[in-house]
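In listed order, ligands and their atoms are each counted from 1. Heads up: numbering here begins at 1 and tracks the sequence.
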Amino acid sequence: MSRVIVSPSILSADFANLERDIKRVENAGADWLHIDVMDGHFVPNITIGVPVTASIKQIAKLPLDVHLMIENPQNFVEPFVKAGADILTFHYEAVEADKIKSLAGYIKSFGVMTGMSIKPKTNVKDVLPYLTDLDMLLVMTVEPGFGGQMFIEDCAAKIKPVREMFPELIIQVDGGINAKTGKLCRDLGANSLVAGSYIYKSDDIEKAIISLRG
Ligand code: DX5
Ligand code: ZN
């Protein structure tokens with residue numbers, strides 16, 4: 001399989017020194033920058049929005065991997081694309097089933113990569129019909145909302161059946177990822193790993209990123 005895409009979550013960065021902390025992961029060999037957008041409704045936390053994403057775009061070299069944990073994601077596709085998103089991921093649970101295909105097509109029409117994410121309690125069987133319309137499935141291994149939570153191992157079992165059915169799909173995993181849980185996910189077929197606290201709390205960021213690539 002292709003090389004694993006490592007996407008550090010800047011949620012664990014020091015927001016007063018965001019440029020410094022973005023450069024740290026860029027210089028350490030990260031592939032994408034994971035930006036966690038939360039609205040205080042879909043998840044019980046508020047984080048980064050459109051203006052901060054646009055400012056990040058001014059200084060970042062890496063593709064912006066934007067994870068929308070918001071209600072009504074359709075209303076924010078164009079603003080985040082204009083702000084510089086290169087990969088735009090919405091949550092399956094935030095969209096009515098009969099609107100998912102058109103939302104995926106709408107995101108694609110802007111020429112960005114399209115991802116869909118599932119929360120821990122969502123059954124992976126429910127999303128199989130949509131995966132041909134997507135570039136990426138993001139499997140959450142914590143309840144979305146906060147960094148630094150414990151990896152929920154049961155969620156990782158969703159990876160293998162999807163990999164067997166969709167060899168080309170990017171399968172990204174987010175939540176509680178470290179060297180050990182990252183390996184477990186890679187062995188099941190994941191090829192993109194998000195990590196916030198593991199990377200930013202590490203003494204050697206480059207080593208941490210290499211350890212995720214395996
Ligand atoms: C959680 C976010 C994650 C978070 C991961 O809702 O989607 O991207 O930053 O943080 P860690 O790697 O610390 O679990
Ligand atoms: Zn995330």
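In this structure, atom 14 (O) of ligand 1 lies nearest to the protein heavy atom G176 N, 2.8 Å. Scanning the protein for heavy atoms near atom 10 (O) of ligand 1, the closest one is G147 CA, 3.5 Å. Closest to atom 12 (O) of ligand 1, if we only count protein heavy atoms, is G196 N, 2.8 Å. For atom 5 (C) of ligand 1, the nearest protein heavy atom (residue, atom name, distance) is D174 OD1, 3.5 Å. Nearest protein heavy-atom contact of atom 6 (O) of ligand 1 is G145 N, 2.8 Å. Atom 9 (O) of ligand 1 has its closest protein heavy atom at S9 OG, 2.8 Å. The shortest contact between atom 2 (C) of ligand 1 and any protein heavy atom is with D36 OD1, 3.4 Å. Ranking the protein heavy atoms by distance from atom 13 (O) of ligand 1 puts S197 OG, 2.4 Å first.
Taking only nitrogen or oxygen atoms, main chain and side chain alike, G148 reaches within less than 3.5 Å of ligand 1.
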Step by step, would you call D36 with T47 a side-chain hydrogen bond (donor to acceptor under 3.5 Å, both in side chains)? CA-CA 7 Å; D36 287 303; T47 53; over 6 Å; no
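When each atom of ligand 1 is checked for a heavy atom of M38 under 4.0 Å away, the hits are 6 (O). Within ligand 1, the atoms closer than 4.0 Å to a non-hydrogen atom of M140 are 7 (O), numbered from 1 in the order shown. Interface of A195 with ligand 1, defined as ligand atoms under 4.0 Å from a residue heavy atom, comprises 12 (O). Which parts of ligand 1 touch M69 is read off a 4.0 Å heavy-atom cut-off, strictly below it: atoms 6 (O), 7 (O). Residue-ligand proximity, V194 to ligand 1, at heavy-atom distances under 4.0 Å covers atoms 8 (O). Shown in contact with L11 at under 4.0 Å from a heavy atom are these atoms of ligand 1, numbered in order with element: 9 (O). Under a 4.0 Å criterion applied to the non-hydrogen atoms of H34, ligand 1 contributes the atoms 8 (O). Taking a cut-off of under 4.0 Å to the non-hydrogen atoms of P144, the atoms of ligand 1 that pass are 6 (O).
Counting heavy atoms under 4.0 Å from ligand 1, residue F146 touches it through the backbone alone.
A heavy-atom distance below 4.5 Å is found between the side chains of D135 and K108. In this structure, Q172 and H34 have side chains that are in contact, with non-hydrogen atoms separated by less than 4.5 Å. Between L137 and V127, the closest side-chain pair of non-hydrogen atoms falls below 4.5 Å. Side-chain atoms of V66 and L68, non-hydrogen and from C-beta on, do get closer than 4.5 Å to each other. Using a 4.5 Å cut-off on side-chain heavy atoms (C-beta onward), N191 and I5 make no contact.
Separation of atoms CD1 (I118) and OH (Y92) is listed at 9.0 Å; rounding is to 0.5 Å.
At distances below 3.5 Å, not a single donor-acceptor pair connects side-chain atoms of S117 with backbone N or O atoms of H91. Side-chain atoms of T89 never come within 3.5 Å of backbone atoms of M116 as a donor-acceptor pair (strictly under, hydrogens ignored).
Under the 4.0 Å criterion applied to side-chain N and carboxylate O atoms, E143 and K121 are assigned as salt-bridge partners.
Surrounding NZ of K57 are more than 12 heavy atoms belonging to other residues, nucleotides or ligands, all under 6.0 Å away.
V142 and F90 are members of different hydrophobic clusters when ILVMFWY side chains are connected at heavy-atom separations under 4.5 Å.
Seen from the ring of Y106, K101 does not count as a face-on cation partner, given the 6.0 Å and 45° thresholds.
With the Zn ion (ligand 2) at the apex, D36 OD1 and H34 NE2 define an angle of roughly 90° (rounded to 10 degrees).
Checked against the Zn ion (ligand 2), the N, O or S atom of D174 at the shortest distance is OD2. For the Zn ion (ligand 2), the nearest N, O or S atom contributed by H67 is named ND1.
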